[in-house]
Amino acid sequence: MSKMNLGQNIKSVNGMVAKLIGQCRQNIFFLAHLGCSQWDEVESRSSKYK
């Protein structure tokens with residue numbers, strides 16, 4: 001295996017990892033947004049019962 005191929009492989013792996021991290025971040029933000037909106041609903045309901 002030549003050094004040139006190794007460098008290109010590392011670059012492609014880094015690109016894949018960056019894409020995966022980007023997708024994970026989007027999923028985390030999406031889940032956090034869902035959780036926050038549900039929590040707001042719960043709080044507004046509980047304040048009605050008081």
Side-chain angles (χ1 to χ4, degrees):
M1 208 172 173
S2 65
K3 288 184 179 179
M4 188 70 185
N5 281 346
L6 191 62
Q8 285 180 342
N9 283 346
I10 290 174
K11 278 185 184 176
S12 63
V13 167
N14 281 346
M16 283 169 54
V17 169
K19 281 183 187 174
L20 279 175
I21 290 175
Q23 287 179 348
C24 287
R25 274 190 187 158
Q26 284 181 344
N27 288 342
I28 288 171
F29 283 134
F30 182 64
L31 288 175
H33 180 70
L34 279 181
C36 286
S37 58
Q38 284 181 345
W39 182 248
D40 285 346
E41 276 186 25
V42 169
E43 283 210 325
S44 59
R45 282 184 195 160
S46 61
S47 63
K48 282 179 189 172
Y49 289 129
K50 284 178 184 174

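Taking CD from Gln38 and NE2 from His33, the interatomic distance works out to 10.5 Å, rounded to the nearest 0.5 Å.
The shortest side-chain heavy-atom distance between Gln8 and Asn5 falls under the 4.5 Å cut-off.
Tracing side-chain contacts under 4.5 Å through hydrophobic residues (I, L, V, M, F, W, Y), one never reaches Phe30 starting from Trp39; they form parts of separate clusters.
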